[in-house]
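Read through the structure below, which is laid out as structure tokens, and then see the notes.
Here is how names work: the chains are called A, B, and so on, in the same order as the sequence lines, proteins then strands, and each is numbered from 1. Excluded from the calculations below are hydrogen atoms, water molecules and symmetry mates; all remaining heavy atoms, backbone and side chain alike, are included. Predicted model, so just to flag it, every value in this text is computed and none were measured.
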Number of protein chains: 2
Amino acid sequence: MRKKTTIRDLAQAADVSVTTVSQILNGKGERFSSATQQHVLKLQKQLNYVPDFNARNLIMKSSQTIGVLVPNIGNPFFSTFIKGIQETARELQYIPLIFGANHDEKIENYYLEKMIERATGGLIIASASITIATIDSILKKNGIPYLLMDQNPIVEGDRVQTNDFSGGELAAQHLLDLGHKHFAVTIPNNPTANLLGRLNGFRYAIERAGLVFAQAVTVIYSPMTKAGGYLATQDVLKSSATGVFAINDEMAIGLYRGMMQNNVRIPTDISIMGYDNIDLDEYVTPKLTTVQQPILAMGEMATRLLVNRIKKPMMTPQKVDLPVSLVVRQSTSAPRN
Amino acid sequence: MRKKTTIRDLAQAADVSVTTVSQILNGKGERFSSATQQHVLKLQKQLNYVPDFNARNLIMKSSQTIGVLVPNIGNPFFSTFIKGIQETARELQYIPLIFGANHDEKIENYYLEKMIERATGGLIIASASITIATIDSILKKNGIPYLLMDQNPIVEGDRVQTNDFSGGELAAQHLLDLGHKHFAVTIPNNPTANLLGRLNGFRYAIERAGLVFAQAVTVIYSPMTKAGGYLATQDVLKSSATGVFAINDEMAIGLYRGMMQNNVRIPTDISIMGYDNIDLDEYVTPKLTTVQQPILAMGEMATRLLVNRIKKPMMTPQKVDLPVSLVVRQSTSAPRN
DNA sequence: TAAATTTTGTAAAACGTTTTACGTTGTTTG
DNA sequence: CAAACAACGTAAAACGTTTTACAAAATTTA
């Protein structure tokens with residue numbers, strides 16, 4: 001195939017040295033006569049010269065790349081999160097390398113390895129099954145900065161947080177205010193720290209209302225997907241719950257399907273609320289009451305923190321707290337009797 | 001910060017030459033005594049040596065990377081498409097570099113440039129606004145293989161196709177079979193070739209049934225998103241259509257919201273069908289009738305074709321045709337009177 | 001006009017790999 | 001026992017950049 005034009009080809013064509021070309025093309029060309037500058041620039045276009053990425057990174061020791069690992073790109077929460085990352089990365093002149101691991105630990109580790117090879121900058125990891133041990137042994141040893149989402153709080157390190165405890169509290173209080181006395185919470189097995197936070201906040205509000213958690217609330221374990229919500233339907237119906245807190249919106253939408261199938265009307269027969277506030281919430285019937293997370297901002301802040309860390313590895317750890325809020329729509333109402 | 005261990009460090013530690021280390025680590029070490037091999041391997045683990053990506057690619061002239069450009073990662077169609085790409089790329093030992101351009105031409109060009117810099121392998125482009133001119137001038141000149149989706153058919157080049165014409169035909173025939181006589185089609189402005197294919201197929205079936213397209217069908221232009229579908233509601237209602245063909249499922253779901261808001265029942269008052277068969281279709285009420293595209297397979301085949309092309313640039317162009325099929329659910333029925 | 005300074009440019013080292021071509025040793029063969 | 005051949009290993013070139021240190025020519029200064 002046609003050879004790529006190299007900087008040497010261009011230098012030869014322009015009848016100047018390689019140094020000259022390099023300097024001019026990298027904006028450090030004030031030292032050269034404007035005649036030479038124009039000449040080189042013109043020939044660059046003409047020969048369609050693009051610097052070799054690998055050669056350049058090799059010498060510069062930076063590829064302006066960050067790695068991003070999420071459980072599932074298809075989940076609207078994560079696709080929005082990624083959008084936030086991409087926008088901010090573009091602004092900061094970084095390129096995100098994005099992987100979805102489909103909740104598979106093998107795949108996660110595979111991608112983690114690939115990211116370490118390539119994403120010399122740093123990593124944003126939003127994934128459950130990567131253990132702290134793995135992270136310590138692999139990332140720390142390689143001296144690669146990283147930022148963990150949805151994971152156990154690490155003592156050291158940067159952090160982008162939303163107040164999940166408060167979010168759970170908001171959810172419970174909303175249902176309590178409507179008059180509900182019996183609740184169900186759907187949550188995955190081995191919930192991550194943020195999900196536990198939501199559950200604890202929920203529990204706190206329940207107990208604050210004078211109820212006994214174990215009596216008032218049924219916790220139902222199911223995968224955190226639409227399909228998982230659908231699967232949880234029978235258990236929810238078997239419980240005497242009139243108010244359901246799905247730990248994310250996708251599960252809530254899965255429950256919608258199950259309820260529909262069982263002729264249980266929302267919110268007349270049962271109130272359902274979710275968590276995240278994905279844009280789909282306004283398109284389902286009834287519109288979904290939920291707790292909003294600033295997803296785009298989470299992606300943005302994660303990127304900023306990581307890039308700052310890359311630039312100043314020794315900086316003291318940064319924490320960013322983002323607010324959550326209750327969004328009341330039509331999927332919740334007072335219980336039947 | 002801590003220096004990365006280089007191959008030289010490892011060679012020194014193992015008291016062998018750099019060549020030896022390189023060969024052994026790349027599986028070409030049969031020439032060496034097994035004692036040496038073990039020794040080197042052991043020290044690699046111990047020193048946590050990972051070959052420098054850039055140095056390696058520089059000399060090997062291949063980064064095992066492909067670029068992927070889609071309009072919108074949040075659209076379930078594309079997130080599934082990406083999933084197919086990631087799975088296949090993993091199998092083929094390639095890494096996909098994924099970008100979502102949010103239908104913004106500036107951003108598309110920016111990412112295109114970045115991909116050319118980095119994704120030395122080849123590109124999968126599923127994006128509307130990149131013009132053939134741009135592609136020719138940039139990609140061809142750089143000799144980078146690429147594969148276009150959802151775009152005007154290029155005479156030359158590889159291609160993964162579904163039969164959009166037939167899909168449109170299936171949609172129309174389904175509505176005709178139910179007894180509908182008045183139709184609406186929602187489609188974006190400046191539709192891409194595949195969308196036009198659907199529309200033409202629809203028209204073909206309508207005319208085959210003895211109807212006059214311009215009289216029987218109202219074409220409504222609106223963005224191809226949930227919000228776009230929602231926006232199209234009034235125009236759909238103003239038309240006398242009893243059967244609506246949304247050019248993709250997202251638009252159909254946007255229409256659901258609009259219909260709900262106007263107390264128009266689906267399918268009793270109006271039949272709606274979509275296109276794609278995203279997994280959400282089974283979670284909306286009523287479940288959405290649609291034309292299925294094998295999205296995952298499209299991602300898979302696109303990746304295979306591209307990688308084949310990378311390996312054998314001179315191979316004759318390949319075409320893959322994937323089937324579409326009608327999926328009847330609950331959003332369509334016979335018209336009212 | 002000689003010295004100093006600015007302007008404009010270049011040669012060569014360095015980055016961390018892979019690979020080609022070439023050496024040793026030691027063992028077998030005739 | 002010399003020659004041939006394995007077995008095991010290495011030196012050095014190459015990949016395409018950026019950058020440092022140096023140099024020649026042109027201009028200014030004293």
Check: What residues, two or more places apart in sequence or in another chain, satisfy side-chain hydrogen bond (donor to acceptor under 3.5 Å, both in side chains) together with B:Ser63?
Finding: B:Thr65, B:Thr120
Check: Mind checking what makes side-chain hydrogen bond (donor to acceptor under 3.5 Å, both in side chains) contact with B:Thr6, not counting sequence neighbours?
Finding: none
Looking at the side chain of [X], which of [options] is the nearest nucleotide?
X: A:Arg8; options: C:dT19, C:dG9, D:dG16; value: D:dG16
X: A:Leu58; options: C:dT10, C:dT18, D:dG16; value: D:dG16
X: A:Arg56; options: C:dT10, D:dT17, D:dT10; value: D:dT17
X: B:Ile59; options: C:dG9, C:dT17, C:dA14; value: C:dT17
X: B:Lys61; options: C:dT17, D:dG16, C:dT8; value: D:dG16

Quick one: [X] [atom1] to [N] [atom2], roughly how many Å, whole number?
X: A:Asp9; N: D:dG16; atom1: CG; atom2: C1'; value: 10 Å
X: A:Ile24; N: D:dT17; atom1: CD1; atom2: C1'; value: 16 Å
X: B:Asn57; N: D:dA14; atom1: CG; atom2: C1'; value: 16 Å
X: B:Glu30; N: D:dC8; atom1: CD; atom2: C1'; value: 13 Å
X: A:Gln12; N: C:dG9; atom1: CD; atom2: C1'; value: 17 Å
X: A:Lys28; N: D:dT18; atom1: NZ; atom2: C1'; value: 7 Å
X: A:Asp52; N: D:dG16; atom1: CG; atom2: C1'; value: 6 Å
X: B:Lys4; N: C:dA14; atom1: NZ; atom2: P; value: 20 Å

Look up atom [atom1] in [X] and atom [atom2] in [Y], then write down how far apart they are to the nearest 0.5 Å.
X: A:Arg8; Y: A:Tyr49; atom1: CZ; atom2: OH; result: 10.0 Å
X: B:Ile66; Y: B:Thr303; atom1: CD1; atom2: OG1; result: 5.0 Å
X: B:Met115; Y: B:Ile124; atom1: CE; atom2: CD1; result: 9.0 Å
X: B:Arg309; Y: B:Tyr146; atom1: CZ; atom2: OH; result: 11.0 Å
X: B:Tyr111; Y: B:Asn109; atom1: OH; atom2: CG; result: 12.5 Å

Which part of the nucleic acid, if any, lies within reach of [X] when heavy atoms closer than 4.0 Å are counted: base, sugar-phosphate only, or nothing?
X: B:Ser33; value: sugar-phosphate
X: A:Val16; value: sugar-phosphate
X: A:Thr6; value: sugar-phosphate
X: B:Phe53; value: nothing
X: B:Asn54; value: nothing

Note to self: Just to verify, which of A:Thr80, A:Val320, A:Leu322, A:Ile85 counts as forming a side-chain contact (heavy atoms from CB on, under 4.5 Å) with A:Met298?
What the structure shows: A:Leu322
Under 4.0 Å between a side-chain N/O of [X] and OP1 or OP2 of [N], yes or no?
X: A:Thr20; N: C:dT10; result: yes
X: B:Thr36; N: D:dG9; result: yes
X: A:Ser17; N: C:dG9; result: no

Polar atoms only, N or O, under 3.5 Å: list the protein pairs with nucleotides 20-27 of chain C and their distances.
none

